[in-house]
Protein chains: 2
Amino acid sequence: MTVSYLDNLMAALRCLPGVGPKSAQRMAYHLLQRDRVGALQLASALQKAASNVQHCSKCNNFSELEVCELCASTRRDEGQLCVVEMPADLLMIEQAQCYRGMYYVLMGRLSPLDGIGAKQLHLERLVKRVQQHPCEVILATNFTVEGDATAHYLATLLQSLGVRVSRIARGLPVGGELEQVDSGTLAQAVLERRELTV
Amino acid sequence: MTVSYLDNLMAALRCLPGVGPKSAQRMAYHLLQRDRVGALQLASALQKAASNVQHCSKCNNFSELEVCELCASTRRDEGQLCVVEMPADLLMIEQAQCYRGMYYVLMGRLSPLDGIGAKQLHLERLVKRVQQHPCEVILATNFTVEGDATAHYLATLLQSLGVRVSRIARGLPVGGELEQVDSGTLAQAVLERRELTV
C-alpha cells in the first residue's frame, strides 16, 4: 500500500503553515486528480523563490535584488523610516496610500517566549542605518503585546541615539493586527502618529 | 515593488484547495522566512508526484505502478469488490481493518450539477472488470445525495448484469462523509451491509 511519491507529497505539504494531515491529503489528491499543471507550476515557483529571493540590504524586505525597488526609488521621502514587523504589513501601508517614506521590515517581533530577542531581529542593522541616514522613525508594529513591547524597546533604543521616534496612532482596535484592518483606518493611524517620550 | 519570484509563488500556491490570497501570502512568507529547505522538498515532491503518480489499471486508485500493491497482493479476497468515491475513503476502510477484499475507486461521484455523469466516471472499466472477474460488489459511496445517487445508479447497472450488489449499512449519520467517521462505526457499517433489490 506504500505509494512513496504520494506519501512524500503529503508529508512535504505539511511544511505549509496551517496544513495538517487531512488538509495535506486533500491537497495532494486535488493536485493529482485535477491540477497537475498547477502542481508543476507550484514546484517551479517554490524552487525559484527559495533559490532567488533574498533580503533587501536596506529595508530587509524580501527581494531578488541587492536593493529592492522601493528602496531604490528616487520618489520616496528619505526623511521618514517606517518600521513594520512583516512584509505583509508593508504591503498594507502601501495599499493605504498614506505614506511616501522608506521602510524597515523587522521580519518578526520581540517575543521572549518564542526565543526571539533583540539579537534575533538583527536590530544593529536598523541602528546602523538610522545613524548613517538620520530620519524620523515611525513605529508601525502591531498593537499586540509583542508588537507594543517591540515598539517600546525600539523607542528606548533609538531615542537614546537622539532619533525622533513616533508610533502610528492607536486607531486600530486594541489587540488587532495590521494585516486585518481596512485601508482607511490604517491611513488614519499613520497620519495621527504621535511622538514618543519615554 | 514587483518581486516576480515571490508574486509567482503566491499565485502558484492558490492552486491548492482552500487557499486564498491571504493564505497564499502567509504561506509564501513562512516558507521564505523560516523553511526554505521545506519549500525545496515540497517542490521536488510535487514534481515527482505529478510526473510519476498514475492510476492503477485494476482499482483506479493513485499508483506509481501499473497495478498497485493492494491489487497485486495475493492475500486479498477477489470475491469482493468495494466501490468507493475517493482514495481517502479506501484508506479509511483499510484503517478500520474490517475488509480484506478488493477495491474500485471511482475518483468522484455522479454529480450532474458539476457536469459529472456516468461517462465522466469511466464506469465501463468497472463493468468490464466485474464481467471478467465475477464478485460481490459492495457500494461504499458516501451517504450524501450524490453518493446515494451514485450507489443507486451502480446498483441498477450492475444488477442488470447479474452481479450481486450490496451497500454498506447506514450506520453512518445521514449526510455524513466516510472520511470523517470513526473506525468502529465504519467497521460496523461494512459488516452490516445489506443486499440491494431494485
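Order of the sequence lines fixes the chain letters, A, B, ..., with proteins taken first and strands second; residue numbering starts at 1 for each chain.
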If you tally heavy-atom pairs under 4.5 Å against chain B, which of S51(A), A72(A), A28(A), A49(A) wins?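 Option with the greatest count: A49(A).
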Could you check which of M107(A), H55(A), R26(A) has the highest count of heavy-atom pairs closer than 4.5 Å to chain B?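 Among M107(A), H55(A), R26(A), the one with the most close pairs to chain B is M107(A).
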Which pairs, with at least one residue in residues 30-43 of chain A and sequence neighbours excluded, count as a side-chain hydrogen bond (donor to acceptor under 3.5 Å, both in side chains)?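 side-chain hydrogen bond (donor to acceptor under 3.5 Å, both in side chains) check on residues 30-43 of chain A returns no pairs.
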Per-residue contacts, residues 109-137 of chain A versus chain B, heavy atoms under 4.5 Å: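 Listed by number, there are no contacting residues, so the answer is none.
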Under 4.5 Å, heavy atom to heavy atom: which of residues 12-24 of chain A reach chain B? Give them by number, or say none.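 Listed by number: A12(A), L13(A), C15(A), L16(A), P17(A), V19(A), K22(A).
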Would you indicate whether the side-chain heavy atoms of N8(A) and S44(B) approach each other to under 4.5 Å?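 Sidechains of N8(A) and S44(B): no contact.
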Given side chains that start at C-beta, do those of L40(B) and L46(A) come closer than 4.5 Å, heavy atoms only?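 The answer is no, as the side chains (C-beta and beyond) never meet within the 4.5 Å cut-off.
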Rounded to the nearest 0.5 Å, what separates atom CG in L32(B) from atom CZ in F62(A)?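 Going from the CG atom of L32(B) to the CZ atom of F62(A) covers 5.0 Å.
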With rounding to the nearest 0.5 angstrom, report the CD to CE distance, Q25(B) to M86(A).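 Going from CD on Q25(B) over to CE on M86(A), the span is 9.5 Å.
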When you group the ILVMFWY residues by side-chain heavy-atom contacts below 4.5 Å and let the links chain together, are M102(B) and L161(B) in the same group?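 As far as the 4.5 Å side-chain criterion goes, M102(B) and L161(B) are connected within one cluster.
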Select one option (side chain, backbone, both, neither) describing which atoms of Q47(B) are under 4.5 Å from chain A's heavy atoms.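 For Q47(B), heavy atoms of backbone and side chain both lie under 4.5 Å from chain A.
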Quick one: which of A88(B), G108(B), C68(B) has the most heavy-atom pairs under 4.5 Å with chain A, could you say?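 Looking at each option in turn, the highest pair count goes to A88(B).
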Most contacts with chain A, counted as non-hydrogen pairs under 4.5 angstrom, among A45(B), G38(B), A11(B):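 Ranked by heavy-atom pairs under 4.5 Å with chain A, first place is A45(B).
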Sequence neighbours left out, what passes side-chain hydrogen bond (donor to acceptor under 3.5 Å, both in side chains) with R76(B)? Give chain and number order.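 Counting only residues at least two positions away or on another chain, R76(B) forms a side-chain hydrogen bond (donor to acceptor under 3.5 Å, both in side chains) with E94(B).
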Show your reasoning for whether side chain to side chain contact (heavy atoms under 4.5 Å, CB included) applies to K48(A) and L9(B). CA-CA 8 Å; K48(A) 284 187 189 144; L9(B) 176 56; over 6 Å; no
